[in-house]
Structures are given as structure tokens and as C-alpha cells.
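We name chains A, B, ... by the order of the sequence lines, and we start the count at 1 in each one.
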Number of protein chains: 2
Amino acid sequence: MCKPLPLENNLLHDNPQQNHLDVTHIKSSCATCSLRELCLPVGLNNQEIQILGDVVSHKRKVRRGDYLHQSGLKFQSLFAIRSGFLKTCVLEEDGRQQVTGFHMTGELLGLDAISSEIHTCDAIALEDSEVCEIPFTKLEEISIIIPSLMRHFHKIMSREIVRDHSVMLLLGSMKAEERLASFLLNLSRRFSMRGYSESDFNLRMTREEIGSYLGLKLETVSRAFSKLQDENIITVDNKHIQINDINRLRIKMGNSSCIT
Amino acid sequence: MCKPLPLENNLLHDNPQQNHLDVTHIKSSCATCSLRELCLPVGLNNQEIQILGDVVSHKRKVRRGDYLHQSGLKFQSLFAIRSGFLKTCVLEEDGRQQVTGFHMTGELLGLDAISSEIHTCDAIALEDSEVCEIPFTKLEEISIIIPSLMRHFHKIMSREIVRDHSVMLLLGSMKAEERLASFLLNLSRRFSMRGYSESDFNLRMTREEIGSYLGLKLETVSRAFSKLQDENIITVDNKHIQINDINRLRIKMGNSSCIT
DNA sequence: TATTAACTTTGATTCAGATCAATCAGAGTA
DNA sequence: TACTCTGATTGATCTGAATCAAAGTTAATA
């Protein structure tokens, strides 16, 4: 545990090249553990790490199926995922629901709640997970003391906006199979960044949840899986996915016939 | 000109109640003009206004059809819209395009570019517009001096994330007519917040651009307009829209028969 | 003002994905 | 071991939106 993984949506990376600081001097308590992920490559000195450590101290476990936070509740803290896998979803009064994201180690949850100080979506663990709670007021306070942290935080928020835009592109202009290909490639890349196989992984979510995220019905998701398997691009065994030909999968995503 | 409008996605409003500061002492140069929108209700003192004023000094005009910024170019500044109307859109190598938003007075553009310091989308004026350029590095610098400004900036970024999530909900789970209803209600509210009629306005964008934003083809958009007109909910005369029954329009948006 | 180009509407047809339905597989649980 | 429940697959059918096509309208420009 506590290995310094390369992560994509965390407070950790400004850019990948800055990834080599020696932090072996940090005691490996669990709080500090996530701290390493949070502050590592921002280039903090010991004193700054100490300051940040006082903020990011509270750890929390979320069992599979439980809420990390719920829409409508007061916002206090951001959550940095230490381990596990969660989904976020918004839902309307009329019961309409939309999965807005799947989140894994190193990613930061709760950004949407900053504006109104009330959570606007639910975060639910898809497997037993661990998060570090980061009281937001305190984070803002120390941002003033540690400008590089502030800068990094801004980048994380911005990255979330970019991600959302690419989901909008997907939902607005891709066909079912293209959406699934895009989804698998995204997961693949994120697993790979964390040191796991990019071509062999287990899905944590159901077909229905994938469908919600991709704007498709579960049957359509299932059919798209089968289609990709028939073409020998992937191998599907329930939740276990193997990517046999990642290039062809990329082509599946890209070559829209409808270049409207 | 330079009237202090109530705006939704700007540096101005923390919440609507804070809207009554006397800023008549500020000289009404055009830069300061946008400044009033930018800093007003964050509760800054004169000295702080001065500091901010030095940052938000450069004004820029964008003629209809011109780019404010283009995907791929280096990011330097955020842009606060002083007047006019713009669209932002992302496009893939394969020509796929997606309008990610329509933006009006008081809104802030360029947030997506903070993460990579390169613009990830195009911003194009749909009518002659004026923006204030805000060098981002400087904004971050003065955020350290003026914490309430930083806090406000975080809320703006967060609000953009919330907005994107609601577009994802729209694209992922609404039918054509519901999407259009939702779109019109959103415009209506935003015009209304700026002191314009909520029930009578002119669209700045084409059916095709609406379609791109809503994940529909232009013909479908046109048909949805006609349908709403046939039901006497709205009156459509090309780009001129009148909402005759805003409640029924709300129902159109909400009562999905497909509560899956 | 005439001419052209861009945009909008409407109709006919097609098709991708939703819906309905049945079966199957796997994970718990009694 | 059987039983139940949830989730996945596959087939048949239906439907909303895309596509194709043809006018009609508006705005831009000479």
C-alpha cells in the first residue's frame, strides 16, 4: 500500500516530469500516505508538507454500495481517493439519473459542491474504498501560504472541466459502439497510469451504470460489447475485459462515418 | 453601458444579496467598468479594487464570427465577457464538433485552458462582443493578497462543473423536445437575470449550433420548435422567440415518460 | 435593388437504439 | 444442493431521430 502511483486527477501532478522527488523522509502514517499523493510533485519543502499534513489528516472508509456524500447535503470537504472505485451521479426530481463519472485512486471528489456549498451529486462506492477528507476552508487557507498548491488545485478543477467537455462530445456526437470504445480506452489509460495492465482489467460497474454514463440503455451496451468481441477487438467475460487490439479499438472510437 | 447587471457566471456575485456596494467612486473607464462586474460584491476595499484594476486592464473587441481564442493556442488569460454573445466548441481531428456552451455578459471564458495552459476549445463570437482580458498568472498572484477573490474564483470554476453535469444529464437522458425546452428555459433565465425579458428574446445562434449543443440534428431542432409552437407554448419567428406559457414549457422539460 | 448565399422549414424514408421479452449465468443464502 | 436475486445476453419489434430531399425565407453583398 501507499505506493506512489502516477495519477491523473489529483493534487499530485503538475506534469509527469516533476515526478521524482525524494520523500522517503516522510513518516508513512496513512494520512501522510495520501499526503504523498497530494503534494509530492508540487515541489513542497518540509515545512509546507507539514502544513498540508495538518489539513489532510482525516481518513474515511466507504463500503461498497455506501454513499461518500449525497446530493443536497452540506459541503465541507473534498475527498481524495486513496483506494477503491466510486461513481458520481446526478438525479432529477422525476427520477431521471445520470452517472457523471467513475473515479479511482488519486482523483478528487466534491469539486461540484464548492459553488453552492451543497453537494449537487451523489458519490457511491462501487467497491470498498478509502478516501482522505480535505476540509475545503482549510485548503483555501493554506493555498495562500503555498501558492504552488493553489496553482495545482486550479489545474485539477480545470481538468475536470476539460473531461466534462469530452464527455459532452461523446454524448452529443458519437454512436453507441464509438462511445463504448472511447469508454474502454479511457479506463485502459487510467489503469495503465496507475501501474495496472492497460489491456486486462475488471469493470467495477454494471452494464446499466455504463449505459447511464454513456447515454445508452444497458442492452445496447451489452450488444456493443458483443459486437467488439465478435470482431476480436476485445474479449468479454462478464466484468472481465481484455483488449486484444487496442489500435483497432482506437479506430472504432475515431472513424465516425457521421462527420456532420 | 456599464450598468451593473445581475450575472450568473462571473467573478462578481458570491450571492445575490451582496449586491449593493457603493462603487460610484470608481472612475468609469472601460477597464474599471468590467472591474465593477468582476469584484463588486466580493466585498473588496478601495485598495484591493486598485490591485485588481491593474490586472484587469486590457479590453478586447471580437467581431461577429471571429475567434476570441482557438484550440491549441497558448493560454495566457481568462476573458470576462463585457457585452455580446459567444459560443465555445471542441472539435476532434475527424471533424466531429460539439458546441459546449453559449456565453453572455458577465461570464468567464478560458477555464478549460488552465490545466494544460493550452486552449482546448474554440471561442467564437456570435455577435460583436467585448471582453476584458485577465492575465491568469496575475489573477493567481492577487488571489493570494485577496482571499475573498480566490474563494469567488473557485466558486466560478465549480459552477462551470455543475453546469457541465447538467448538460451531461440532458444529453444522456432527455428526448429532443425536452432538450429544447430545457435549453430555452436556461436562456430565458439568463436573459432575465441580466434585466432582459424572460419571455421574449432573439437567439444569436443557428439551428445547427443549437443542435450541436443539444446533440441533435438541425432538422430535429426545427421540428421541435414547430411542435412547441403548434402547442402554443412558444411563438417562433425565425430567431425571435416568445415564450407564451413558461409553466407548460417547464412541464415539457420535466415530464419524461421515460423515467428509466 | 438585385443577387446570392446561408439558414429554416417540412415531408418522406431509413435506421440506430429503445423497448419488450425470454433465457442464462453467477453470487449469495437458506 | 436447491433457491433466489441480480445482472448479462440475445432476439423480436417499435419508434424517435437521422438522413435525404425539396422548397421557402432571410440576410449579406454587389
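- Within the structure, every side-chain polar atom (N or O) of Lys175(B) is placed at least 4.0 Å from both OP1 and OP2 of dA18(C).
- Aromatic rings of Phe201(A) and Tyr196(A) (six-membered ring for Trp) have centroids beyond the 6.0 Å cut-off, not under it.
- Gln229(B) places a side-chain N or O within donor-acceptor distance of the main-chain N or O of Val236(B), the cut-off being under 3.5 Å.
- Protein atom NE2 of His240(B) is 19 Å distant from nucleotide atom C1' of dT9(C), rounded to whole Å.
- Of the possible polar contacts, one joining the Ser129(B) side chain to the Phe85(B) backbone as a donor-acceptor pair under 3.5 Å is found.
- Lys227(B) comes within contact range of no nucleotide atom at all, as no heavy-atom separation falls under 4.0 Å.
- Checking dT26(D), dA8(D), dG17(C) against every side-chain atom of Asn238(A), the shortest atom distance belongs to dA8(D).
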Pairwise N/O distances under 3.5 Å, protein to nucleotides 20-24 of chain C:
| unit_1 | atom_1 | unit_2 | atom_2 | d |
| --- | --- | --- | --- | --- |
| dC20(C) | N4 | Glu219(A) | OE2 | 3.3 |

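- Rounded to whole Å, the distance from CZ on Arg204(B) to C1' on dA27(D) is 17 Å.
- The distance between atom CZ of Arg207(B) and atom C1' of dA6(C), rounded to the nearest whole Å, is 13 Å.
- Take the nearest nucleotide of DNA chain C for Ala176(A) and for Ser226(B): the residue whose nucleotide is more 5' is Ser226(B).
- Below 30°, between 30° and 60°, or above 60°: for His119(A) and Phe79(A) the angle between ring planes is below 30°, a parallel geometry.
- Arg82(A) pairs with exactly one of Lys59(A), Arg60(A), Lys61(A) by the side chain to side chain contact (heavy atoms under 4.5 Å, CB included) rule, that one being Lys59(A).
- Residue-level contact check: Gly211(A) touches neither bases nor backbone, having no heavy atom under 4.0 Å from any strand.
- Here dT9(C) presents its P atom at 13 Å from CD of Glu208(B), a figure rounded to the nearest Å.
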What's touching nucleotides 28-30 of chain D from the protein side, N or O pairs under 3.5 Å?
| unit_1 | atom_1 | unit_2 | atom_2 | d |
| --- | --- | --- | --- | --- |
| dA28(D) | OP1 | Arg64(B) | NH1 | 3.2 |

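- Residues Leu185(A) and Leu249(A) are in side-chain contact: their nearest non-hydrogen atoms beyond the backbone lie under 4.5 Å apart.
- Nearest-nucleotide positions on DNA chain C place Thr206(B) closer to the 5' end than the other of Val221(A) and Thr206(B).
- Both tests hold for Arg207(A) against Phe225(A): distance to the six-membered ring centre under 6.0 Å, angle to the ring axis within 45°.
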### Message
Pair Cys121(B), His69(B) - check side-chain contact (heavy atoms from CB on, under 4.5 Å), show working.
### Response
CA-CA 8 Å; Cys121(B) 66; His69(B) 60 69; 4.0 Å; yes
### Query
Stepwise, does the side-chain contact (heavy atoms from CB on, under 4.5 Å) test hold for Leu180(B) with Ile210(B)?
CA-CA 9 Å; Leu180(B) 186 65; Ile210(B) 296 171; 4.2 Å; yes
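- Regarding Leu216(A), its CG atom lies at a distance of 15 Å from the C1' atom of dA17(D), rounded to whole Å.
- Under the 4.5 Å side-chain criterion, counting only non-hydrogen atoms from C-beta, Lys239(A) is in contact with Thr206(A).
- Between the CZ atom of Arg179(B) and the P atom of dG16(D) there is a distance of 14 Å, given to the nearest Å.
- The nearest whole Å value for the distance from the NZ atom in Lys217(B) to the P atom in dA12(C) is 22 Å.
- When the side-chain nitrogen and oxygen atoms of Thr220(B) are compared with OP1 and OP2 of dA17(D), none of them lie within a distance under 4.0 Å.
- Counting to the nearest Å, the C1' atom of dT9(C) and the CG atom of Leu218(B) are 10 Å from each other.
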